[in-house]
Every structure is written in C-alpha cells, then in structure tokens.
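Read the structure below first, then the notes.
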Amino acid sequence: MDPRSEVLLRQAELFAGPLLLAGLPADDLLGQLPAARGWSWQAGEHAQLAARFAERLSFGVAPDAAPFETAVLFLPKSRELTDYLLQALAARLPGKLLYLVGEKRGGIERAAKQLAAFGSPRKLDSARHCQLWQVRVEQAPAAPELPALARRYTLELADGPLEVVTLPGVFSHGRLDVGTELLLAHLDGLKSGRLLDFGCGAGVLGAVLKRRYPAAEVVMLDVDAFAVASSRLTLAANGLQAQVIAGDGIDAAPDHLDAIVSNPPFHSGVHTDYQASERLFARAASHLRPHGELRIVANSFLKYPPLIERHLGACRTLAEANGFRIYAASRA
Ligand SMILES: C[S@@+](CC[C@H](N)C(=O)[O-])C[C@H]1O[C@@H](n2cnc3c(N)ncnc32)[C@H](O)[C@@H]1O
C-alpha cells in the first residue's frame with residue numbers, strides 16, 4: 001500500500017461516502033473504500049487500476065461527470081498542475097470538504113498553502129513521511145479552462161516558426177529543454193516512414209518530425225494525459241497531423257517503426273526512475289523495422305550506450321554539447 005493511502009486509511013471514516021480520489025496510486029485503496037471512484041492522468045497507473053476497478057475509474061485531464069461528495073488530491077510534482085487540479089475539484093465541491101495528501105519530500109507543507117484559496121486549511125494527520133490536509137470549500141472557484149493555462153512559445157527553425165503549447169505539469173513547461181534543443185539539431189537522415197516520438201511531452205519533437213518528413217506517419221506517445229493534450233494543442237497550433245497515444249512505455253507503441261526519436265524520461269512523479277528508458281532500449285528492436293533507428297538525447301553522465309548496445313547494436317555518439325549527447329543505434 002502506498003504510504004499516502006495508508007495515511008488516508010488511518011481516518012477511513014472520513015472517506016466512506018461518495019469520494020473522488022484524484023491522481024491515486026495503483027494500489028488497493030479503491031478496494032478498501034468501496035464508495036470511492038478514481039481519476040487518473042497517468043496511463044500506467046490507470047491501466048493497473050482498470051484491471052480491477054474499470055467501472056470506478058476515469059482517465060483524462062478533467063474529472064468526469066460522475067457526482068462526488070468530497071475529493072482527495074494526491075499531490076503531483078508541479079505547483080501549477082496542483083493549482084489546476086485543486087480548482088477543478090473545488091469547483092465541484094461548494095460548501096464541501098476537499099483533501100490534499102502528499103509526501104513531505106514532495107512538498108506537501110508548501111502545497112497545503114494553495115488550499116487557502118478556497119477556505120481555511122487544517123492539517124489532519126502526519127505519518128509515514130506524509131501529511132493529510134483538509135479544507136472546507138467556502139469560496140468555490142469556476143471550473144478552470146485548461147487551454148487558458150497553457151504557456152506558448154515560438155521556436156525559430158530553419159523552415160519557419162513552430163509554436164509549442166505546454167500545459168501545467170508537462171516537462172519543460174513554457175520553454176525548450178536544452179537536451180531537446182540538441183536533438184532538434186540532429187534529426188537529419190532519418191528514413192521517412194513511420195516515426196515515433198517516445199515520451200512526447202508538449203510534442204515538440206513529433207511536430208518537428210512531421211514538418212521535416214511530411215510524408216511520414218508520425219506517432220507520439222506519452223504516459224501523461226496532460227502531455228498528450230499538450231501535444232495535440234502543439235500539432236493543431238501548427239496545422240500538423242499525427243497520432244497521439246496515451247500509454248505506458250514502449251509496449252504501448254505500434255510496431256514496424258522506421259525510427260524512434262526520444263528525450264527519454266528518467267523521472268516518475270517526484271522520484272528518479274530509469275525503468276521506462278531501460279525498457280525502451282530493451283524493446284526498441286521489436287518495434288523497429290529492419291535497419292530502423294533509435295535516436296535519443298541523454299545527459300552525458302547516464303550510462304546508456306552499453307544498455308543500447310546490449311539490445312540493439314553499435315551505439316554511435318552523433319553530437320555532444322552542454323552536458324548532453326545524441327546517441328543513435330540501428331537494428332540489423
Ligand atoms: C524528458 S521528457 C521529454 C518530453 C519531450 N519529448 C521534450 O523533449 O520536451 C520525457 C517524457 O516522457 C514521459 N514518460 C515518462 N514515463 C513514461 C512512460 N512510462 N511511457 C511513456 N512516456 C513516459 C514523460 O511524461 C515526459 O513527457
């Protein structure tokens with residue numbers, strides 16, 4: 001059981017009625033709270049929960065229409081995303097109770113101050129390195145408009161400007177990542193066909209790929225519903241078309257790819273996590289066509305080449321700058 005769920009279950013009587021668990025972990029909490037529903041924006045956790053509780057779950061960037069009498073938000077990493085999620089929940093709970101639970105090292109103490117926009121927050125419990133906070137929603141906000149919270153920036157590229165639209169909580173919100181910038185400068189010579197942007201975030205790599213290789217079928221994949229929504233906004237802002245998929249890891253991607261392009265993840269929520277990248281290297285060959293290529297950017301200190309060579313073949317370093325490297329490897 002996730003420690004945040006354990007903290008909730010110490011006061012299970014508060015959570016016995018129709019409750020929405022927003023951003024819940026993939027554990028047995030829904031099993032312990034039979035009147036609760038879950039809302040997830042993380043495709044992997046959603047899939048694990050759906051195996052047991054499909055009819056009590058929703059996935060996406062906003063709570064679905066099913067009614068709830070109270071809600072618990074599991075604190076996400078981003079302050080702006082927390083703001084949006086709290087507003088989305090508080091808008092549905094005028095006069096009712098809203099809870100926030102999170103790890104101390106995830107910044108729960110500071111985040112609890114964000115509850116003050118709706119009433120007077122109070123700390124209910126502190127245990128398992130987590131805290132549980134409560135507020136009665138005295139001032140209910142209007143439901144937030146997510147596209148209005150997007151940050152937009154323009155990249156001046158050789159073939160014209162590209163507008164990037166990032167939503168709260170999405171990687172490199174409002175600015176281009178240094179690693180991604182290096183990869184953008186090394187997208188030449190890919191075989192046009194079916195191209196994957198793995199871990200697409202706001203969709204900058206996928207959008208550039210579609211513009212560089214207009215005949216290609218571009219697929220973009222991310223585990224996070226807010227990244228998927230951002231990528232769709234970025235494509236639309238530039239009049240581009242690509243398939244955008246919410247899914248957990250390379251196994252959710254299609255086969256017969258000519259190239260996989262990625263600034264691969266090494267975080268999951270507040271924790272460092274190489275699992276998705278290691279799995280990408282291990283499974284890339286089975287998603288690539290013969291001679292298909294994996295091309296990634298990574299921090300120079302990450303020991304990715306031996307992993308890539310173990311599964312795919314010789315790993316070349318195409319470029320190095322500002323602490324990042326571009327690696328390329330092709331399957332036989
Ligand atoms: C380093 S960011 C790169 C984002 C974007 N491609 C860019 O360059 O700005 C990595 C992305 O991988 C996504 N991600 C993390 N774990 C994933 C998983 N298991 N499956 C798919 N995507 C994942 C994250 O949500 C994040 O958007």
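When a ligand or atom number is given, it counts from 1 through the structure's own listing order.
In this structure, of Ser262, Gly199, Gly179, Gly201, the residue bringing a heavy atom nearest to atom 6 (N) of ligand 1 is Gly199. Comparing Phe226, Phe266, Phe171 against atom 2 (S) of ligand 1, the shortest heavy-atom distance belongs to Phe171.
Using a 4.5 Å heavy-atom threshold, the side chains of Thr234 and Glu163 count as separate. Using a 4.5 Å heavy-atom cutoff, the side chains of Asp222 and Phe171 are not in contact.
Between the side chains of His173 and Thr166, a donor-acceptor pair is found at a separation under 3.5 Å.
Close approach of ligand 1 to Ala276 is summarised as follows: ligand atoms under 4.0 Å from at least one heavy atom of the residue are 18 (C), 19 (N). Heavy-atom proximity to Gly247, at under 4.0 Å, picks out these atoms of ligand 1: 20 (N), 21 (C). The distance from ligand 1 to the heavy atoms of Thr180 drops below 4.0 Å at these ligand atoms: 7 (C), 8 (O), 9 (O). Near Gly249, meaning under 4.0 Å from one of its heavy atoms, ligand 1 places the atoms 18 (C), 19 (N), 20 (N), 21 (C).
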Worked verdict on Tyr304 versus Tyr327 for ring-ring contact (aromatic ring centres under 6.0 Å, His included)
CA-CA 9 Å; Tyr304 284 166; Tyr327 297 121; 7.3 Å; no
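Looking at Asp177 next to ligand 1, no N or O pair under 3.5 Å apart turns up. When only interatomic distances are considered, the shortest N/O to N/O separation between Pro264 and ligand 1 does not fall below 3.5 Å. Polar contact check, Asp222 against ligand 1: a nitrogen or oxygen pair lies under 3.5 Å apart.
Ring orientation note: the planes of Phe59 and His46 are tilted relative to one another, at an angle of 30° to 60°.
Contacts between Ser172 and ligand 1 below 4.0 angstrom, taking non-hydrogen atoms only, are absent altogether.
Under a 4.0 Å N-O distance rule, the pair Glu103/Arg4 does not qualify as a salt bridge. Ion pairing between a basic and an acidic side chain is recognised when a charged N comes within 4.0 Å of a carboxylate O; Asp28 and Arg52 show such pairing.
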